[in-house]
A.B. asks: 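Could you have a look at this structure, given as structure tokens, before my questions?
Convention: sequence-line order gives letters A, B, ...; per-chain numbering from 1.
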Amino acid sequence: MSDVAAAAGVSLKTVSRVVNEEPGVRRETAEIVHRTIAQLGFRRNDLARALRHGRRSGLFGLVIEDVSNPFYSAIARGVEEVTRRRGMLAIAASSDEDGERERDLVRLFCERRVDGLLIVPASADHRYMLPELRSGTRVVFIDRPPGKIDADVVLLDNVGGARIAVEHLIAQGHRRIAFVGDVSGIFTTAERLRGYRKTLARAGLPPDPSLIRLGVHDAGAAERAVYELLALPEPPTALFAGNNRITVGVLRVLARSGFRLALVGFDDLELGEMLAVPVTVVAYDAADLGRGAAELLAQRLAGDDSPPQRIVLPTALIVRGSGEVKP
DNA sequence: CTACTCCGTGGTCATGACTG
DNA sequence: CAGTCATGACCACGGAGTAG
């Protein structure tokens, strides 16, 4: 800015006025400054700007499990819609489901003075954030609630989603319905399992632990789990898959073995309607998670100090064929 | 250890030219 | 001579580096 001032033959303050389109600058002077700015390629330093009038970097830090996973990139997209509208910027980074990595990312974001954090938790204890929260950084959690602190969170209706999936399979006449889920420590797995159990119980179906497979973190593990289930003396006639990776594994087994098994998956699947047997899924708009969380964060930064909110977004069943296979 | 300086920017106040 | 307008001088923001 001082280079521009010197080259244009005006003071720093005049350049500042022109850059910020403040009134009270003669048109001729403003034109000279604009021309000089273009010549020198000057760009306002927003870090210094934030320094001058209190902290507000205009940045949101977004911690997700994996930026390459379509579920999380949809969340990032939703966040971006909100930050773009507000002239802000979101920076995304992957925790890789590692609590320590999450902590590092939070520290790095805070060192760069982000205004707020949006976090899909990987850690089970978020008390490490208390000093930051006390100093005014705001945080909203996404998809899973925080551990050991009270804070805003935007979730999916996991229990309700599991209920509509299992109710649908029961309505098709199934009595032996299996559940294959991710690591049980993950909040969404636990909630979906809870919905599965509750719905079976309400329908008067006896629980059968041999029909539940947990700790299934990828499609390969899902394939093995399905083969185990099919090898049972009394195999299931239907299966509820706890997430999209598991659904993919189940579909592979069904395509290869030709076994008849009704399937409803949690999470929609890209091209899920174009498969030989189109997949019936519990779907939702992942971008809504990001949008809702970013809006809530912006609301907090605007001074909303009401008690922490828990927003639960709805899920819906999309009937396509795989869930309508009869026993 | 304290005190000062610096970074880039913008708010406040002062200054000087001009108008009616 | 008071009022308006365009412009500039000065300083502080938070933290790091440095001089004494």
A.B. asks: Hey, does A/Leu313 have a side-chain heavy atom less than 4.5 Å from the side chain of A/Leu156?
C.D. replies: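 They are in side-chain contact.
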A.B. asks: What is the separation between atom CG on A/Leu51 and atom C1' on C/dC11, rounded to the nearest whole Å?
C.D. replies: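 Taking atom C1' of C/dC11 as the reference, CG of A/Leu51 is at 13 Å.
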A.B. asks: Using the ring of each side chain (for Trp, its six-membered ring), is A/Phe71 parallel, tilted or perpendicular to A/Tyr284, with breaks at 30° and 60°?
C.D. replies: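 Taking A/Tyr284 first and then A/Phe71, their aromatic rings stand perpendicular (interplane angle over 60°).
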A.B. asks: Provide the closest heavy-atom pair for A/Phe266 versus A/Ala162 in the form atom of the first, atom of the second, distance.
C.D. replies: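 Of all heavy-atom pairs spanning A/Phe266 and A/Ala162, the closest is CE1-N, 4.0 Å.
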A.B. asks: Does A/Ser2 reach a base, just sugar-phosphate, or nothing at all? Heavy atoms under 4.0 Å.
C.D. replies: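 No contact at all - A/Ser2 keeps every heavy atom at 4.0 Å or more from the nucleic acid.
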A.B. asks: Keeping the roles fixed (side chain from A/Arg320, backbone from A/Val281), state whether a donor-acceptor pair exists under 3.5 Å.
C.D. replies: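 Not at all, since once roles are kept as given, no pair shorter than 3.5 Å links the two residues.
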A.B. asks: Do the side-chain N or O atoms of A/Asn20 get closer than 4.0 angstrom to the phosphate oxygens (OP1, OP2) of B/dG10?
C.D. replies: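 Affirmative; the distance criterion is met.
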A.B. asks: Provide the closest heavy-atom pair for A/Ala225 versus A/Val180 in the form atom of the first, atom of the second, distance.
C.D. replies: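 Smallest interatomic distance, heavy atoms only, reads CB-CG1, 4.3 Å.
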A.B. asks: Atom CD of A/Glu21 to atom P of B/dT9: distance rounded to whole Å?
C.D. replies: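 To the nearest whole Å, that distance equals 16 Å.
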A.B. asks: Mind calculating the distance between CZ (A/Arg44) and C1' (B/dC7) to the nearest angstrom?
C.D. replies: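 It works out to 17 Å between those atoms.
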A.B. asks: Looking at side-chain heavy atoms only, is the closest gap between A/Leu155 and A/Glu191 below 4.5 Å?
C.D. replies: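 In short, these two side chains do not touch, never coming nearer than 4.5 Å.
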A.B. asks: Whole-Å distance between B/dC7 P and A/Asp3 CG?
C.D. replies: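 Between P of B/dC7 and CG of A/Asp3: 12 Å.
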A.B. asks: Over all strands shown, is A/Val10 touching base, sugar-phosphate only, or nothing at heavy-atom distances under 4.0 angstrom?
C.D. replies: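 Sugar-phosphate: the residue A/Val10, judged by heavy atoms under 4.0 Å, touches backbone atoms but no base.
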A.B. asks: State whether A/Arg113 places a side-chain N or O below 4.0 Å from either non-bridging phosphate oxygen (OP1 or OP2) of C/dG15.
C.D. replies: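 Looking at the OP1 and OP2 atoms of C/dG15, one of them is under 4.0 Å from a side-chain N or O of A/Arg113.
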A.B. asks: Find the distance A/Leu47:CG to B/dC6:C1' and express it as a whole number of Å.
C.D. replies: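 Atom CG in A/Leu47 sits about 16 Å away from atom C1' in B/dC6.
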A.B. asks: Please find the pair of heavy atoms, one from A/Asp285 and one from A/Arg291, that lie closest to each other, and give the distance.
C.D. replies: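 The pair with the smallest heavy-atom distance is OD2-NH2, 3.1 Å.
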A.B. asks: Establish, with yes or no, whether the OP1 or OP2 oxygen of B/dT9 is under 4.0 angstrom from a side-chain nitrogen or oxygen of A/Ser16.
C.D. replies: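 False: A/Ser16 side-chain N/O out of range (4.0 Å or more) of B/dT9 OP1/OP2.
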A.B. asks: Assign a letter to each nucleotide of nucleotides 11-20 of chain B from its 5' end: B, base within under 4.0 Å of a protein heavy atom; S, sugar-phosphate only; -, no contact.
C.D. replies: BB--------
A.B. asks: Grab the CZ-C1' distance between A/Arg49 and C/dG14 for me, whole Å please.
C.D. replies: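 After rounding, the reported distance stands at 18 Å.
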A.B. asks: Write down the distance between CZ (A/Arg112) and C1' (C/dG14), rounded to a whole number of angstrom.
C.D. replies: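 After rounding, the reported distance stands at 17 Å.
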A.B. asks: Would you kindly give the CZ-to-C1' distance between A/Arg43 and B/dG8, to the nearest whole Å?
C.D. replies: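 Nearest whole value for this atom pair: 16 Å.
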